[in-house]
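Here is the structure we will look at.
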Amino acid sequence: MTDVLALVGAFAGPAPVPPPVGRFGRPEVPGDLVPALDALAPAVRARVLDPLGREDPPPVPGRPRTLVLPAADGVVAPARQVDERTCGAAVLALLALAGDPRLALGLSRGPHGVGAAFAAAQRVLHARATRGPGGLPLWPAALGTPPWGAARVARYGRVRYGHRVVGGRAARTVLGAAVGSAAAGVPVPLYTGGDLAGGVSTAVPRHVVLLTTVRSGVATVYEPSAGRLHAVPVAGLVAGARGRRDDRLLAPALGGWPHVVWALLPRDARG
């Protein structure tokens, strides 16, 4: 299906140029947050400043690691989507947390626990991405978060996003831009799915994951249904756009789907 969309030029166009390596690697900490951060336990402070665990050693291929939310009370809560509709919202929430220490600190202090705060954030972002002016529905909420809605609300600090279909001859170009952005320090939401061989219902975006980092030819991917970080070869991730169904590392990282079908790419970084 995405090949057809790419063929007719729908949701296509030149991929944005990735930002310089390291330019957006870590958001600045506002001075007024320093006392509150210094009052936290070291492990909690590290998680508030790095909600995606990008400063930790990367997971080992084939051995995914649970991503734990920043919790001021020290209670361990995995970063999982709250229901079957909110994979995209969970990704958008973690993307925003990774780019905003103030937001991450606030979530860590949720009055009913960080897990409840993360669930509430998912519901808010899901509503924003599926509704338009005046709160009018633009997309059936039961179908999850559409790429264009996710791109509209996606934030990583100053960075804003556009979206591109991954299909046809442009597939590798779009995924190359996604890999380049993650290598530069900007996480990239990726939509995954199947193809027409599995029926029309599988040949559309079915799940959302987050490409968090790329180092030495290995990509780290956050998968929200299990709340885990997976390590996959970059070559496999890019080739997966063409349906490498036998890749035992790739499918779990993509939520059980064989390849990437859509990508949210950073388009600017307004001051």
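Scope of the values below: all heavy atoms of this structure, side chains included, with no hydrogens, waters or symmetry mates. Not measured: the values here are computed from a predicted model.
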So which atom in [X] and which in [Y] form the shortest heavy-atom distance, rounded to 0.1 Å?
| X | Y | result |
| --- | --- | --- |
| P233 | L249 | CD-CD1, 4.0 Å |
| L52 | A98 | CD1-CB, 3.7 Å |
| P224 | A90 | CB-CB, 3.9 Å |
| A150 | A129 | N-CB, 4.1 Å |
| P70 | A104 | CG-O, 4.3 Å |
| H230 | A253 | CB-CB, 3.5 Å |

Test log, rule side-chain contact (heavy atoms from CB on, under 4.5 Å), inputs H163 and W262: CA-CA 7 Å; H163 63 96; W262 222 288; 3.1 Å; yes

I'd like to know if the side chain of [X] and the backbone of [Y] have a donor-acceptor N/O pair within less than 3.5 Å.
| X | Y | answer |
| --- | --- | --- |
| T192 | L254 | yes |
| D100 | G157 | no |
| R80 | G227 | no |

Pair listing, side-chain hydrogen bond (donor to acceptor under 3.5 Å, both in side chains) test, anchored in residues 61-77, at least two apart: none

Pairs satisfying side-chain hydrogen bond (donor to acceptor under 3.5 Å, both in side chains), at least one member in residues 40-49, at least two apart: R47-D56

Are [X] and [Y] side-chain neighbours, meaning at least one heavy-atom pair lies under 4.5 Å?
| X | Y | answer |
| --- | --- | --- |
| L250 | L237 | yes |
| P27 | P101 | yes |
| E223 | H207 | yes |
| P266 | R160 | no |
| L69 | P51 | no |
| P187 | Y222 | no |

Are [Y] and [X] co-members of a hydrophobic cluster defined by side-chain heavy atoms under 4.5 Å apart?
| X | Y | value |
| --- | --- | --- |
| V75 | F118 | no |
| W148 | V153 | no |
| L49 | L94 | no |
| L67 | V82 | no |

V114 vs L107, side-chain contact (heavy atoms from CB on, under 4.5 Å): CA-CA, chis, key distance, verdict: CA-CA 6 Å; V114 70; L107 184 101; 3.6 Å; yes

For residues 209-221, run the donor-acceptor check on the side chains, cut-off 3.5 Å, and write out each pair with its distance to 0.1 Å, sequence neighbours left out.
| residue | atom | partner | partner atom | Å |
| --- | --- | --- | --- | --- |
| T212 | OG1 | T220 | O | 3.1 |
| T213 | OG1 | T220 | OG1 | 3.3 |
| R215 | NH2 | R54 | O | 2.3 |

Under the side chain to side chain contact (heavy atoms under 4.5 Å, CB included) test, residues paired with A89 that sit two or more places apart: T86, Q122, L125, H126

Qualifying residues under side chain to side chain contact (heavy atoms under 4.5 Å, CB included), relative to A36, sequence neighbours excluded: L105, R109

Sole residue of L92, V48, L103 in side-chain contact (heavy atoms from CB on, under 4.5 Å) with L97: L103

CA sep, side-chain torsions, deciding dist, call: Y161, V186, side-chain contact (heavy atoms from CB on, under 4.5 Å): CA-CA 10 Å; Y161 290 77; V186 183; 3.4 Å; yes

Working for side-chain contact (heavy atoms from CB on, under 4.5 Å), residues L264 and Y191: CA-CA 8 Å; L264 269 57; Y191 280 73; 3.8 Å; yes

Under the side chain to side chain donor-acceptor pair (under 3.5 Å) test, residues paired with D38 that sit two or more places apart: none

